[in-house]
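Atoms considered below: every heavy atom in the structure, side chains included; atoms not considered: hydrogens, waters and symmetry mates. Model, not experiment: these values are computed from the prediction. Numbers here simply count residues along the sequence, with the first being 1.
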Amino acid sequence: MTHPSDSSDTGPPRDTGTRDVSPDEGLSALANMGWQFLLTMGLAAIALGVVALAWPSQTLRVVGVLFGIYLLAIGVFQLAAAFGTHVPRHLRVLHFVTGALSVLLGLVCFRGTLESILLLALWIGFGWLIRGIMMTATAASAEGIPARGWQMFLGILTTLAGIVLIVSPFGSIAALTLVVGIMAIVLGAVEVFHALKMRAEVARHLTPGSAPRRRPLFHSGPRPRPQH
C-alpha cells in the first residue's frame, strides 16, 4: 500500500525553469557594468573636448542655447513657486520678479549667439565675483578657519576671474571654452584608463578556476523507485 506522504517525497525534482544566482555572479555582472559605464563616460568626455577645441564657435552657440533653456526652466519654476501655498506671502513678489526676469533673459538668449554668450559670461562673472568676495571676507574675518591662506588666495583669484569675465566677456568665454575642452579630454583619458584597469581586474578575478560551480538543474543519478 502506498501512502501519500511517501509518494510526495520520492520522484524526480521538478524543473521550474529558474536557478539561483550566486553572489559571485551578481558581483561580476555589476563590475562589468561599472567598467563599461566608466569607459562610455570617458569616451564621451574626450569627444566633447575634441568638439570644443575643433569648433569653438559652434560649441559656444550650443552652450548659449542650453543656457537659454536653463534660464527659461528656472523662470517657469520661479513663477510657479510664486503662486504656491508653501511660499510665504512676503516672498511671492521676489519669486515672481526673479522668475519673470529669468524668462526674459532666456528669451533674449534665443535672439542670437552674441546675446547668449554675453549673458552667459556675465552670469558666470557675477557668480564668481560674489563667491570670491564672500570667500575672501570669510577668510579675513575667521582666524581659526582651516587653510586660511589658501582660502583667501582662492577667494581673491575667483574675484579677479569674475572681474575679467565681466569686463571682457567674449574673449574670456572663448578662452574658457578652450580650457573646458582641454580639461574634458584629460578627464576622459583618465576615465578610460581607469575603465581598462577595472576590466583587467575583473578578468583576473573571474578566471575559469575561480568561477563558481553551478548547481545542476537535473539529477544524473538513478531515480528512486516508489515503495509499495
TODO: Output the rest of the hydrophobic cluster of L104: all Ile, Leu, Val, Met, Phe, Trp and Tyr residues reachable through side-chain heavy-atom contacts under 4.5 Å, sorted by chain and number.
DONE: none
Task: Common cluster, V103/V65, ILVMFWY with side-chain heavy-atom separation under 4.5 Å - done: yes
Task: Verify same cluster id: Y70, L79 (apolar side-chain graph, 4.5 Å) - done: no
- [ ] Could you check if a side-chain atom of L114 sits within less than 4.5 angstrom of a side-chain atom of L118, using non-hydrogen atoms only?
- [x] no
TODO: Share the residues that join M135 in a hydrophobic cluster, the rule being Ile, Leu, Val, Met, Phe, Trp or Tyr side chains under 4.5 Å apart at the heavy-atom level.
DONE: L154
TODO: Flag yes if I185 and V51 sit in one hydrophobic cluster, no otherwise; membership is Ile, Leu, Val, Met, Phe, Trp, Tyr, and two members link when side-chain heavy atoms are under 4.5 Å apart.
DONE: no
Open item on the list: Starting from M134 and following side-chain heavy-atom contacts under 4.5 Å between hydrophobic residues (I, L, V, M, F, W, Y), which residues can be reached?
Closed with: I130
TODO: List in chain and number order the residues that pass side-chain contact (heavy atoms from CB on, under 4.5 Å) with L187, two or more places apart in sequence or in another chain; answer none if no residue qualifies.
DONE: none
Open item on the list: By the ring-ring contact (aromatic ring centres under 6.0 Å, His included) test, which pairs, at least two apart or in different chains, include something from residues 112-140?
Closed with: F67-W123
Open item on the list: Under 4.5 Å between side-chain heavy atoms, counting indirect links through other Ile/Leu/Val/Met/Phe/Trp/Tyr residues: same cluster for I124 and V167 or not?
Closed with: yes
TODO: With sequence neighbours left out, write down each residue that passes side-chain contact (heavy atoms from CB on, under 4.5 Å) with V97, or none if nothing qualifies.
DONE: V93
Task: Shortest non-hydrogen contact between L119 and C109, atoms and distance - done: CD1-SG, 3.7 Å
- [ ] Only counting residues at least two apart or in another chain, list the ones meeting side-chain hydrogen bond (donor to acceptor under 3.5 Å, both in side chains) with R61.
- [x] T113
TODO: Kindly write out the residues that satisfy side-chain contact (heavy atoms from CB on, under 4.5 Å) with S102, not counting sequence neighbours, or none if the list is empty.
DONE: I74
Can you give each donor-acceptor pair under 3.5 Å made by side-chain atoms of residues 172-182, sequence neighbours left out, with the distance rounded to 0.1 Å?
| unit_1 | atom_1 | unit_2 | atom_2 | d |
| --- | --- | --- | --- | --- |
| S172 | OG | V164 | O | 3.3 |
| S172 | OG | S168 | O | 2.5 |
| T177 | OG1 | I173 | O | 2.8 |

Open item on the list: Hydrophobic cluster membership, with links at side-chain heavy-atom distances under 4.5 Å among I/L/V/M/F/W/Y: are I133 and I166 in one?
Closed with: yes
Task: Spacing of L105 atom CG and L120 atom CG [to the nearest 0.5 Å] - done: 12.0 Å
Could you pull out all donor-acceptor pairs under 3.5 Å where a side-chain atom in residues 37-50 meets a protein atom, sequence neighbours excluded?
| unit_1 | atom_1 | unit_2 | atom_2 | d |
| --- | --- | --- | --- | --- |
| T40 | OG1 | Q36 | O | 2.8 |

Task: Inter-residue atom distance Q78.CD - T98.OG1, 0.5 Å rounding - done: 4.0 Å
TODO: Give a yes or no on whether F110 atom CZ has more than 12 heavy-atom contacts from other residues, nucleotides or ligands under 6.0 Å away.
DONE: yes
TODO: Mind jotting down which residue pairs meet the ring-ring contact (aromatic ring centres under 6.0 Å, His included) criterion with at least one end in residues 153-179? Sequence neighbours excluded, please.
DONE: none
TODO: Please list, chain by chain and in numerical order, all residues satisfying side-chain contact (heavy atoms from CB on, under 4.5 Å) with V76, sequence neighbours excluded.
DONE: none
- [ ] State the OG1-CZ distance between T136 and R131, to the nearest 0.5 angstrom.
- [x] 11.0 Å
